Amino acid sequence: MAAIQGATHTRMSHRLGAWLGHHREVAMKSLGELLSAWISSLMTWLVIGVALALPTLLYLIVMTVGDVSGDWDGRPRVSVYLKDEITAVAGQQLRDRLAAREDVTAATYVGADEALAEFQQHSGFGDVLDSLDSNPLPALVEVIPVRSEAGAVRLLVAALTAEAGVDRVVVDLEWIARLDSIVTLGERLVIALSSFLALGVLLSIGNTIRLAIENRRAEIEVVKLVGGTDGFVRRPFLYLGLWYGLGGALIAWLLIQASLLFLAGPAGRLLRSYGEQFVVTGLDPGVSMALLASGAGLGVLGAALAVRRHLHLIEPQ
Amino acid sequence: MIRFDNVSKRYPGGKEALTRVSFDLAAKEMAFLTGHSGAGKSTLLKLIMLMERSSQGQVLVDGANLNRFSRRQIPAHRRKIGVVFQNHQLLFDRNVFDNVALPLMIAGYQHRDIGRRVRAALSKVGLSDKERQNPITLSGGEQQRVGIARAVVNRPPLLLADEPTGNLDPALSAEIMNLFLQFNQVGVTVLIATHDLELVRRLGKRQLNLSQGQLKGES
Ligand SMILES: Nc1ncnc2c1ncn2[C@@H]1O[C@H](COP(=O)(O)OP(=O)(O)OP(=O)(O)O)[C@@H](O)[C@H]1O
Ligand SMILES: [Mg+2]
């Protein structure tokens, strides 16, 4: 009994081994086919790569902008510009008074010289400012309110404007709201663009696989004649789809990394001018994996759809 | 092994290729299927392979009624039958060995067993020295023998052939038929459609004669 079970077990594991071996063989063979016809494969890979790179890049940009707006989100900064005649000491006193208010979280005094230095450093207009005789920038107190709703902030602004020595009060609330809608718009754009391009990838892989099926008609007929199951017939084409998708994703990854390097300089300068730290790290592993996985997934799916449509039409006659 | 019970086959075009055909082929028997061109020989073999289905009547193979087979059951059925069909010849994108190995790969054999069985089949048809060659470099008779090796490599209990000596000279034809006789001698049921009446008479095996889709006597 045990011996019989053992024998069955061995046979099963032999079967499993043969099945896995067949998978590996088919996978390697279809990859070999793609590489040996590398020019036409490269064309398909590039098409898929561009289609995957575009939405991913847009996604990265939207995420970065979202991060920037996220930093400010909920903590609008209120800039209280002081009248020219207010001395640094009086300005500090005003800061202390404002910081003590119930509806203020924090307040920072920025002297006129400091404001000038900051502006020179970030705006790129340093030379222009150097040519001026006097500092045109006023001193200010930066205030972070406790509550960030528009109504509460408006009340605070009114109260601050009434303070002695205050020239003007400016809130960046509108800018934040605008940035928020830009980010939302961007996110929608990413979704729409990804859907269109995913459809494009599916169709182009589907079409490539359809041609591959047509090219191997004789083989498919013989395989079906000698008892190949649908799964056996389907397998090489699914692997072909996998390699097309994965190769395309790899191209997309390279395109994105190159673009990020290309964009890093200007983007860094732009963000620093808003007081943001920006470091290009390239694609992080999570996004890279997601990119490869969606390439592979679209490849197999496109192949599966093509196989479903075309394979059962080929029967030995 | 094979049983036809009042089988008729009408193609979608409207033409009746087989009319009320009934016969029985016992296990380990060998028979020839003869008849004029268009008599229905290929159609009969395709019914056995489930490449076509009967319009009426029943085809039984090894006791199983083929009318009841679903699409999914067809591959397993075909794996039990070795076939030599003229328009499903060898694949020229791979060598002789890989052509013959195909049914074994499909059946999920291990590499080791595949090598052993393919070499046994090739040596049986006398082509041991050609396994690395592309079949396109072989003569017609050699290609035919590779096809036969592929049909028998899985050691099926039933072997079907549709005009296996079609374009061969008499000496080669006799040689090929001799191979089928050998397989029959070791217990394989064999059914061969052929035009070569001379050769059939000489071998003295059972003959099913089709005419206009009807079975017109045996000899
Ligand atoms: N797929 C098909 N569709 C329609 N008619 C067909 C089809 N296949 C065969 N026929 C018709 O059925 C009849 C029998 O054909 P079949 O191929 O079985 O003859 P055969 O005996 O094998 O002839 P041959 O010796 O020329 O090979 C013929 O009249 C043929 O035209
Ligand atoms: Mg025929």
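Here is how names work: the chains are called A, B, and so on, in the same order as the sequence lines, proteins then strands, and each is numbered from 1. None of the values given here were measured: they were computed from a predicted structure.
Note that CG of A:Asp230 is 8.0 Å distant from CZ of B:Arg72, once rounded to the nearest 0.5 Å. How far CE of B:Met49 is from NZ of A:Lys224: 13.0 Å, rounded to the nearest 0.5 Å. Taken from CD1 in B:Ile74 to OG1 in A:Thr229, the straight-line distance is 12.5 Å, to the nearest 0.5 Å. Here the straight-line distance linking atom CD of A:Gln317 with atom CE of B:Met51 works out to 7.0 Å at 0.5 Å rounding.
In B:Arg20, the CZ atom is not crowded: 12 or fewer heavy atoms of neighbouring residues, nucleotides or ligands sit closer than 6.0 Å. Within 6.0 Å of the OH atom in A:Tyr59, the count of heavy atoms belonging to other residues, nucleotides or ligands does not exceed 12. Atom CD of B:Glu163 is surrounded by more than 12 heavy atoms from other residues, nucleotides or ligands within 6.0 Å. Environment of CZ in A:Phe196: sparse, with no more than 12 heavy atoms of neighbouring residues, nucleotides or ligands closer than 6.0 Å. The local environment of CZ in B:Arg132 is crowded, with over 12 non-hydrogen atoms from other residues, nucleotides or ligands closer than 6.0 Å. Heavy atoms of other residues, nucleotides or ligands lying less than 6.0 angstrom from CZ of A:Arg308 number 12 at most. When the shell of 6.0 Å around CZ of B:Arg155 is examined, it contains 12 or fewer heavy atoms from other residues, nucleotides or ligands.
In this structure, no portion of B:Asn154 lies under 4.5 Å from any heavy atom of chain A. With a 4.5 Å cut-off on non-hydrogen atoms, B:Phe92 does not touch chain A at all. Both the backbone and the side chain of A:Val223 come within contact range of chain B, with heavy atoms under 4.5 Å apart. In this structure, chain A has no heavy atom under 4.5 Å from any part of B:Ala151.
Across every non-hydrogen atom of B:Arg78 and A:Pro316, the tightest pair is NH1-CG, 4.0 Å.
Looking at B:Arg79, its side chain never comes within 3.5 Å of a backbone N or O of A:Val226 through a donor-acceptor pair.
Looking at B:His111 and A:Glu25, their side chains come closer than 4.5 Å, going by heavy atoms from C-beta outward.
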Can B:Arg150 and A:Val222 be said to form a side chain to side chain contact (heavy atoms under 4.5 Å, CB included), step by step? CA-CA 11 Å; B:Arg150 187 181 71 195; A:Val222 169; 3.5 Å; yes

